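Contents: one structure, followed by commentary.
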Amino acid sequence: SFIVSNAQEGFCLGIEGTPQLSWLLNKDDMNNTNYQTVGTFNSSWGITSQYGFNKNLGIGLNALYSFQGQRYILSNVESYRKVGYIKVPLMFVYTTEVSPKMLFIGKIGPQFDFLTNASLTTKGGTNTVSDMSSAYQSFNFGAVIHAGFSFKLTDMLMLDIMLRYDYDFT
């Protein structure tokens with residue numbers, strides 16, 4: 001993500017783009033011996049904001065649109081469950097200087113997810129079920145954790161490279 005900032009203290013605003021690997025797991029699918037998951041790569045995009053109380057501690061709030069889903073094979077037919085969420089994580093932020101141009105960043109906190117759409121497509125884009133929203137909860141509560149580094153590109157621009165993991169409890 002790119003963060004516009006002049007220091008770690010005060011308000012920062014940025015844009016975030018995240019490549020992601022997603023899984024949608026449930027007991028019915030996992031207990032079916034004909035069901036096989038396939039690696040599913042997606043992305044999320046949005047805005048990020050942060051307020052630093054001092055040079056090490058702060059809070060962050062993001063608003064991301066997350067493309068999620070699961071590719072799977074069932075009875076020799078490959079299908080793709082596509083699910084979209086608006087994710088709103090509220091995070092405690094810890095930063096520490098590694099060098100004058102690099103910071104370590106750790107973030108952790110709750111996350112609120114709002115379902116925007118869900119559909120089912122077979123490989124090749126045929127046999128689409130255009131609205132599967134009733135099969136998913138419209139609101140999820142979860143947790144998120146980030147860890148990585150922020151690189152100072154200019155006095156007003158930082159580039160964050162982080163690993164992010166989120167998990168929904170509902």
Side-chain angles (χ1 to χ4, degrees), residues 1-27 29-30 36-72 80-118 136-170:
S1 61
F2 285 98
I3 306 290
V4 178
S5 170
N6 59 3
Q8 297 98 319
E9 294 182 43
F11 183 72
C12 303
L13 185 62
I15 56 173
E16 180 173 325
T18 307
Q20 60 188 16
L21 181 60
S22 65
W23 291 274
L24 296 175
L25 304 174
N26 65 59
K27 289 179 184 175
D29 292 340
M30 302 315 293
Q36 176 188 354
T37 60
V38 178
T40 308
F41 295 93
N42 291 299
S43 63
S44 66
W45 302 92
I47 59 172
T48 180
S49 63
Q50 185 172 307
Y51 182 80
F53 300 116
N54 56 47
K55 70 178 195 166
N56 297 107
L57 301 175
I59 58 170
L61 179 68
N62 295 0
L64 306 170
Y65 186 81
S66 181
F67 300 92
Q68 294 181 197
Q70 180 65 64
R71 292 188 186 282
Y72 64 94
Y80 182 21
R81 289 184 190 135
K82 296 179 182 181
V83 184
Y85 283 98
I86 294 175
K87 294 186 169 203
V88 182
L90 176 62
M91 300 161 290
F92 167 76
V93 180
Y94 174 77
T95 61
T96 188
E97 190 174 89
V98 175
S99 73
K101 296 211 175 242
M102 184 170 68
L103 300 171
F104 168 79
I105 303 174
K107 300 179 181 183
I108 191 168
Q111 179 170 275
F112 310 97
D113 302 342
F114 303 92
L115 180 68
T116 60
N117 61 59
Y136 297 91
Q137 291 186 334
S138 60
F139 173 78
N140 288 319
F141 174 74
V144 63
I145 185 167
H146 295 239
F149 296 93
S150 183
F151 300 92
K152 185 176 183 179
L153 302 178
T154 70
D155 285 343
M156 295 294 290
L157 187 64
M158 306 286 286
L159 173 65
D160 293 354
I161 299 176
M162 305 178 72
L163 292 175
R164 180 182 194 277
Y165 177 80
D166 69 53
Y167 182 83
D168 290 328
F169 300 117
T170 55

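From a predicted model like this one, the values you see are computed outputs, not experimental measurements. Below, all heavy atoms of this structure are taken into account, side chains as well, without hydrogens, waters or symmetry copies.
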Checklist entry - Which pair of non-hydrogen atoms, one from Ser22 and one from Asn42, has the smallest distance, and what is that distance? => result OG-ND2, 3.2 Å

Next on the checklist: The criterion is salt bridge (charged side-chain N to carboxylate O under 4.0 Å, His left out); which residues satisfy it with Asp168, sequence neighbours excluded?
Outcome noted: none

Checklist outcome for this item: What one should report as the nearest heavy-atom pair of Lys55 and Glu9 is N-CG, 3.5 Å

Item to check | Shortest non-hydrogen contact between Leu13 and Ser49, atoms and distance | outcome: CD1-CB, 4.1 Å

Next on the checklist: Under a plain distance cut-off of 3.5 Å, with no hydrogens placed, do Ser99 and Glu97 share a side-chain donor-acceptor pair?
Outcome noted: no

Checklist entry - Does the side chain of Lys152 come within less than 4.5 Å of Met102's, by heavy atoms? => result no

Checklist entry - Quick one: does Ile108's side chain get under 4.5 Å of His146's, heavy atoms only? => result no

Checklist entry - Going from OH on Tyr85 to OG on Ser44, what distance comes out if it is rounded to the nearest 0.5 angstrom? => result 14.0 Å

Checklist outcome for this item: Residues passing the side-chain hydrogen bond (donor to acceptor under 3.5 Å, both in side chains) test with Asn117, sequence neighbours excluded, are Tyr65

Item to check | side-chain hydrogen bond (donor to acceptor under 3.5 Å, both in side chains) partners for Arg71, two or more places apart | outcome: none

Next on the checklist: Measuring from atom NZ of Lys107 to atom CG of Asn62, what distance do you get when rounded to the nearest 0.5 angstrom?
Outcome noted: 6.0 Å

Checklist entry - Would you call Phe104 and Val98 a side-chain contact if the rule is heavy atoms closer than 4.5 Å? => result yes

Checklist entry - For residues Ser66 and Gln20, is any side-chain donor paired with an opposing acceptor at under 3.5 Å? => result yes

Checklist outcome for this item: By ring-ring contact (aromatic ring centres under 6.0 Å, His included), Tyr72 pairs with (sequence neighbours left out) Tyr35

Item to check | Shortest non-hydrogen separation from Gln70 to Val38 and the atoms involved | outcome: NE2-O, 3.1 Å

Checklist entry - What are the two closest heavy atoms between Ile105 and Ser150, and how far apart are they? => result CD1-CB, 3.4 Å

Next on the checklist: Using the ring-ring contact (aromatic ring centres under 6.0 Å, His included) criterion, which residues pair with Phe112? Sequence neighbours excluded.
Outcome noted: Phe141

Next on the checklist: Any donor-acceptor pair under 3.5 Å linking the side-chain atoms of Thr95 with those of Asn56?
Outcome noted: no

Item to check | Lys/Arg N to Asp/Glu carboxylate O, Arg164 vs Asp166, below 4.0 Å | outcome: yes

Item to check | OG1-CG distance between Thr48 and Asp160, expressed to the nearest 0.5 angstrom | outcome: 7.5 Å

Checklist entry - Is it the case that more than 12 heavy atoms not belonging to Leu21 sit under 6.0 Å from its CG atom? => result yes

Checklist outcome for this item: Rounded to the nearest 0.5 angstrom, the CG-CZ distance for Leu163 and Phe149 is 10.0 Å

Item to check | Flag side-chain contact, heavy atom, 4.5 Å: Val88 against Leu61 | outcome: yes

Item to check | Heavy-atom side-chain proximity of Thr18 to Leu64 below 4.5 angstrom | outcome: no

Item to check | Check: Lys87 and Gln68 side chains under 4.5 Å, non-hydrogen atoms | outcome: yes

Next on the checklist: Classify the ring geometry of Tyr167 against Phe169: parallel below 30°, tilted from 30° to 60°, perpendicular beyond 60°.
Outcome noted: perpendicular

Checklist outcome for this item: One should read off an interatomic distance between Phe151 CZ and Leu159 CG, to the nearest 0.5 angstrom, of 7.5 Å

Checklist entry - Does Phe139 have any ring-ring contact (aromatic ring centres under 6.0 Å, His included) partners at least two apart in sequence or in another chain, and if so, which? => result Phe114

Checklist entry - Nearest 0.5 Å, what's the CG-CH2 distance between Asp29 and Trp23? => result 15.5 Å

Next on the checklist: As a quick check of understanding, evaluate ring pair (Phe, Tyr, Trp, His ring centres under 6.0 Å) for Tyr51 and Phe53, giving each step before the final call.
Outcome noted: CA-CA 6 Å; Tyr51 182 80; Phe53 300 116; 5.5 Å; yes

Checklist entry - At their closest point, which heavy atom of Gly84 faces which heavy atom of Leu115, and how far apart are they? => result O-CD1, 3.5 Å

